[in-house]
2 protein chains.
Amino acid sequence: MATIRDVAKRAGVAPITVSRVVNNSGYVSDKTRIRVEQAIEELGYIPNMLGPSLRFKQTNTLALILTDITNPFWTTVARGAEDAASESQYNLILCNTDESEEKQNQYTQMLLRRQTDGILLVPASSTPQAVELLQRQKVPTVILDRRVPGVEIDEVRSDSEVGGYLATRHLVEMEHRHVALLTGPENVSTAKDRADGFCRALNEFHLGCPPEFIQWGKFTQESGYEATKRLLQFDPRPTALVAGNNFIAIGAMTALNEAGYRVPEDMAIVAFDDLPVALTIEPFFTVVVQPAYEMGYQATQLLISRLAGEHEEGCTKIILSPELVIRRSTGA
Amino acid sequence: MATIRDVAKRAGVAPITVSRVVNNSGYVSDKTRIRVEQAIEELGYIPNMLGPSLRFKQTNTLALILTDITNPFWTTVARGAEDAASESQYNLILCNTDESEEKQNQYTQMLLRRQTDGILLVPASSTPQAVELLQRQKVPTVILDRRVPGVEIDEVRSDSEVGGYLATRHLVEMEHRHVALLTGPENVSTAKDRADGFCRALNEFHLGCPPEFIQWGKFTQESGYEATKRLLQFDPRPTALVAGNNFIAIGAMTALNEAGYRVPEDMAIVAFDDLPVALTIEPFFTVVVQPAYEMGYQATQLLISRLAGEHEEGCTKIILSPELVIRRSTGA
DNA sequence: GCATATCATGGTACCCATAACATATATGCT
DNA sequence: AGCATATATGTTATGGGTACCATGATATGC
């Protein structure tokens, strides 16, 4: 409500003097400072950021566009991003696309209209539209977790190919000969990369990689459920599953329970992404753990260093290593 | 990058004409419109919201300040809020306080500096500071889920007292005579209200409400774990637990498993807040379901109707009803 | 005693989009 | 023809904070 001019009038000074008091910049005598502080107190003055933001083209705002805010994996990423942002006095806006490209493009537009300083993007798909728009508008952007082929841009992700490989190799080493993969959409790089790692491991052991054992779908529980029901029809049926994320793994479990299959006796499962401790009574799934918090934190640090104008040349790719944690769902 | 003036120059018109084309307002001839649209296209012009926001004191932004973004209950609330906001062309900023009053006050300040149009607040505690600041600055605010005593303000919440009552009565009806409550901090109204409902049910059956059977703590897994370990020392030990939220319930389960107690045979549990389907293999906990999505959605609608200047008089309290869903953790 | 540095305060312009008002032409109707 | 209305475009002022520059007062140095 109250503006810097109201405060200035009340304290009998010029607006710029109030500004100096508020920002502790330049010279102000103690006598004046006290008068100004009193006026601020009396009027309940809170500076309006929009003025300076408009003038100096800096909003101190970053945005994280992610695909599913109900998935603990992403809220953990968001935590990391949030922490890194607030350490550098940036505020973070969270945008949830529900894996929809349309929503993603809407949010991108909105964030540009708001003059967001920088953007962390988890692309809903491999199409480069949104990224190209951001680059054209010269808004520093870091791509998180997923690749967008054909664009030169900063990236922070975990190595999904290696993750897929580790998961699959573990199952093969547990003597499984028919391993299937339940994963996300083919046009999402992490789904694709996990499939590549899956095939690499199978080929390494000369087991081949039958296409019907790779079930493309969505990163949802329903998708995992449906894909598992399909796989159970096959002959020979798979004896082990690699689930492309935590939700898919849950869906697979539900389908297996319904059909009377026990895990790990009748079917082993490795899942991507651990469930948070706060939500698990006792950890059951063997998982490929991706460093979610780290990913958010490092991506944000990278983005902020770009905004500070550091290391201009080229673009940076940070690839974090996933880790296999063996638990009961693979019979260990 | 490009401003409305750049577009105007390129199209050979005045800035206001570009504005009219962009906003589809006022009269523009087809010939001019086409020239302007072409210039917009060529320059990749995206309007800068900050100008109008500054001028008209409207940012089309709402904020949801919540206490724990990793809890699916709150992300569901956020979903509801997000949906209601975008239906009315508002954008929603998510702020996570981690139950810390300091963080809450920091965010409140920040949102005021950003001229946020309205605020949805889940208060970290019962102290009225933040709410009073918001009221003083005349920013329309709706309090979500928790009460703040002593302030007149719009509220949307579910009836925690009734929830506590339903949970406890169910346990008593299952012949439990020693029922304990694990809940959050005493200065959070939902924790307090759940305890009140808990006592009401016990008193109704003349079972009394021993204070040591009410374990105040935090809404976290660790807190539930610790409190359960304490309760297991008591003689007579409780045979049934009411967990103040989903995280506490998980912590209790962990402690019980470790100590070799089976649920529901040795200990029955009713929890507040269901776990999302996508995260549960098969629902196990008997729960008091609170309408999370509804709460976010209705609170946001209420806030938006305030912003539109509707029904000025007094303040509105919307109290939603919780529902008991009986499952295996109480032996049903 | 005067030059120079330090301290203290203020005026003006600027960022961008658009409401409000002004102007000008074209069309319709009696 | 003459007036009212519709169509089309433009000018100016506005909002809040602060960088930049200007000015004046006081202190310090030699």
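By convention in this document, chain letters (A, B, ...) are assigned in the order of the sequence lines, proteins followed by strands, and residues within each chain are numbered from 1.
When distances are taken from the side chain of Leu54(A) to each of dT18(C), dC15(C), dG10(C), the shortest belongs to dC15(C). Side-chain proximity of Arg5(A) to the nucleotides dG16(D), dC16(C), dA19(D) is greatest for dG16(D). Set against dT9(C), dG10(C), dA19(D), the side chain of Val13(A) has dG10(C) as its closest nucleotide. Comparing atom distances between the Asn48(B) side chain and each of dC16(C), dT9(D), dC15(C) picks out dC16(C) as nearest. Distances were taken from every side-chain heavy atom of Arg55(A) (C-beta onward) to each of dT18(C), dG16(D), dG10(C); the shortest belongs to dG16(D). Nearest to the side-chain atoms of Thr3(A) among the listed nucleotides dT9(C), dG17(D), dT18(C) stands dG17(D).
A close approach under 4.0 Å does not occur between any side-chain nitrogen or oxygen of Thr17(A) and OP1 or OP2 of dT9(C). Put simply, Ser29(B) has no side-chain N or O that comes within less than 4.0 Å of OP1 or OP2 on dT7(D). Dashed line: the shortest gap from a side-chain N or O of Thr32(A) to OP1 or OP2 of dT9(C) is under 4.0 Å. Taking side-chain N and O atoms only, Tyr27(B) has no distance below 4.0 Å to OP1 or OP2 of dA8(D).
Residue contacts for Ile16(B): at a heavy-atom cut-off of 4.0 Å it reaches a base atom on one of the strands shown. Here Val28(A) lies in heavy-atom contact (under 4.0 Å) with sugar-phosphate atoms only. Looking at heavy-atom distances under 4.0 Å, Pro15(B) makes contact with a base.
With rounding to whole Å, Ile34(B) atom CD1 is found 17 Å from dT9(D) atom C1'. Atom CG of Asp6(A) is separated from atom P of dG17(D) by 9 Å (rounded to the nearest Å). Nucleotide dA8(D) holds its P atom 9 Å from the CZ atom of Arg33(B), rounded to whole Å. Rounded to whole angstrom, the span from the CD atom of Gln58(B) across to the C1' atom of dG15(D) amounts to 14 Å. Distance Ile46(B) CD1 to dA17(C) P: 11 Å, rounded to the nearest Å. What separates CZ of Phe56(B) from C1' of dC16(C) is a distance of 11 Å, to the nearest Å. Summarising the geometry, the separation between NZ on Lys57(B) and C1' on dA17(C) is reported as 15 Å, rounded to the nearest angstrom. Computed from coordinates, the Lys9(B) NZ to dG10(D) C1' distance equals 16 Å when rounded to whole Å.
Under 3.5 Å, the side chain of Arg113(B) and the base of dG16(D) form no donor-acceptor pair of N or O atoms.
In this model, no donor atom of one side chain and acceptor atom of the other lie less than 3.5 Å apart for Arg114(B) and Asn48(A).
Looking at Asp83(B), its side chain never comes within 3.5 Å of a backbone N or O of Gly80(B) through a donor-acceptor pair.
Lys103(B) NZ: more than 12 foreign heavy atoms inside a 6.0 Å radius.
The residue among Arg20(A) and Ile4(B) whose nearest nucleotide of DNA chain C is located toward the 5' end is Arg20(A).
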Criterion side-chain contact (heavy atoms from CB on, under 4.5 Å) on Ser19(A) and Val22(A), from CA distance to verdict:
CA-CA 5 Å; Ser19(A) 171; Val22(A) 170; 5.8 Å; no
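Using a 4.0 Å cut-off between charged nitrogen and carboxylate oxygen, Lys317(A) and Asp154(A) do not count as a salt-bridge pair. The pair Glu42(A)-Arg10(A) meets the salt-bridge criterion, since a charged nitrogen lies less than 4.0 angstrom from a carboxylate oxygen.
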